[in-house]
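Data block below; observations after.
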Amino acid sequence: MSTSNAPEVAGAPRCLGIGDVAARTGLSVDTLRFYEREGLFVSPVRRDGSGRRVYTENDVSWLEFCLRMRASGMPLTTIREYVDLVRQGPGNEQDRLAVLHAHEQHVRAQLRELHACLDLITHKVRVYEEHLGAGTAGSLWSSAPTNR
């Protein structure tokens, strides 16, 4: 059940139901439950009087951060490590920074590899376009592969 139609209380954070969060993030309800079970939210997901999950905008923002980290290749164990550090509160900022620095280096390495892949693909596209334009495309890959 969506709670987005619930009346707003002055000063209270806007509450979202699990369906609202699923729609906003593109995740399935099952995946949201999985993220909760895995302890990937900084704060426990609250429940309303009927036991339904109630999320805040802060929960959604945190989830979006986690999704970006996951999309960039950060393993769930590392996300969980970072979440645990954040939960501990002030005093471990250097540890959090170390986790982020390590992942930043990993992403930079991935980008270098992807750029090399893109360069090769771009080269192959040019070769095919040239051969198609010259009417010699039939000679591509007619024998053992070369650097064409």
Side-chain angles (χ1 to χ4, degrees), residues 1-133 140-141 144-148:
M1 176 181 177
S2 171
T3 58
S4 61
N5 292 330
E8 299 275 336
V9 176
R14 181 169 175 244
C15 295
L16 303 163
I18 196 166
D20 299 317
V21 176
R24 281 189 45 188
T25 62
L27 295 175
S28 70
V29 168
D30 288 335
T31 301
L32 287 169
R33 290 181 184 132
F34 170 78
Y35 270 55
E36 182 182 353
R37 277 192 314 274
E38 289 297 309
L40 299 180
F41 286 91
V42 173
S43 302
V45 176
R46 295 179 320 150
R47 304 284 180 136
D48 67 11
S50 301
R52 291 181 295 250
R53 289 167 176 83
V54 178
Y55 300 87
T56 65
E57 290 295 333
N58 286 341
D59 293 329
V60 175
S61 294
W62 180 260
L63 182 59
E64 289 169 345
F65 167 79
C66 290
L67 293 175
R68 287 285 181 180
M69 294 299 100
R70 191 73 185 112
S72 67
M74 184 180 275
L76 286 177
T77 54
T78 306
I79 295 173
R80 195 175 304 110
E81 175 188 350
Y82 185 80
V83 170
D84 289 343
L85 289 168
V86 172
R87 275 192 199 120
Q88 291 171 21
N92 62 18
E93 291 79 7
Q94 285 290 81
D95 295 330
R96 294 183 216 176
L97 181 60
V99 170
L100 294 172
H101 268 307
H103 188 62
E104 179 185 35
Q105 293 308 309
H106 172 75
V107 170
R108 289 185 186 284
Q110 285 180 305
L111 285 171
R112 286 189 298 274
E113 179 66 23
L114 284 173
H115 280 292
C117 293
L118 182 58
D119 290 345
L120 175 63
I121 293 166
T122 300
H123 169 74
K124 294 303 279 184
V125 165
R126 268 186 263 134
V127 167
Y128 272 82
E129 288 174 343
E130 289 171 10
H131 280 275
L132 284 168
L140 291 169
W141 295 98
T146 64
N147 280 339
R148 289 188 187 163

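Nothing fancy with the numbering, it's 1 onward along the sequence.
At most 12 heavy atoms of other shown residues, nucleotides or ligands fall within 6.0 angstrom of atom CZ in Arg108. Environment of CD in Gln94: sparse, with no more than 12 heavy atoms of neighbouring residues, nucleotides or ligands closer than 6.0 Å.
Rounded to the nearest 0.5 angstrom, Cys15 SG and Arg53 CZ are separated by 15.0 Å. Atom-to-atom distance recorded for Asp84:CG and Leu40:CG is 9.0 Å, nearest 0.5 angstrom. How far CZ of Phe41 is from CG of Leu32: 6.0 Å, rounded to the nearest 0.5 Å. The distance from atom CD1 of Ile121 to atom CZ of Arg126, rounded to the nearest 0.5 Å, is 12.0 Å. We find the CG-CE distance between Leu100 and Met69 to be 7.0 Å, quoted to the nearest 0.5 Å.
Using a 4.5 Å cut-off on side-chain heavy atoms (C-beta onward), Arg52 and Ile18 make no contact. Residues Glu113 and Gln110 are not in side-chain contact: their nearest non-hydrogen atoms beyond the backbone lie 4.5 Å or more apart. A 4.5 Å side-chain heavy-atom check between Val86 and Phe65 finds every atom pair outside the cut-off. Contact of the Asn58 side chain with the Val42 side chain is not registered, since no non-hydrogen atoms from C-beta on lie closer than 4.5 Å. Under the 4.5 Å side-chain criterion, counting only non-hydrogen atoms from C-beta, Thr31 is not in contact with Thr25. You'll find the side chain of Tyr35 stays beyond 4.5 Å of the side chain of Ile79, heavy atoms only. Residues Asp119 and His123 are not in side-chain contact: their nearest non-hydrogen atoms beyond the backbone lie 4.5 Å or more apart.
Side-chain atoms of Glu129 never come within 3.5 Å of backbone atoms of Val127 as a donor-acceptor pair (strictly under, hydrogens ignored). At distances below 3.5 Å, at least one donor-acceptor pair connects side-chain atoms of Asp59 with backbone N or O atoms of Thr56. Side-chain atoms of Arg80 never come within 3.5 Å of backbone atoms of Pro75 as a donor-acceptor pair (strictly under, hydrogens ignored).
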| query | Can you list the steps and then say if Leu140 with Tyr128 is a side-chain contact (heavy atoms from CB on, under 4.5 Å)? | reply | CA-CA 8 Å; Leu140 291 169; Tyr128 272 82; 3.5 Å; yes
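The stretch residues 65-79 participates, sequence neighbours left out, in no salt bridge (charged side-chain N to carboxylate O under 4.0 Å, His left out) pair at all. Screening residues 24-33 for salt bridge (charged side-chain N to carboxylate O under 4.0 Å, His left out) gives Arg24-Glu57, Asp30-Arg33 as the qualifying pairs, with residues at least two apart or on separate chains.
Every residue two or more places apart in sequence or in another chain that forms a side-chain contact (heavy atoms from CB on, under 4.5 Å) with Val99 is listed here: Met74, Thr78, Glu81, Tyr82, Leu85.
Heavy atoms only, all atoms of each residue included: Ala22 and Ser28 are closest at CB-C, 4.4 Å. What you find for Pro90 and Arg96 is that their closest heavy atoms are N-NH2, 4.0 Å.
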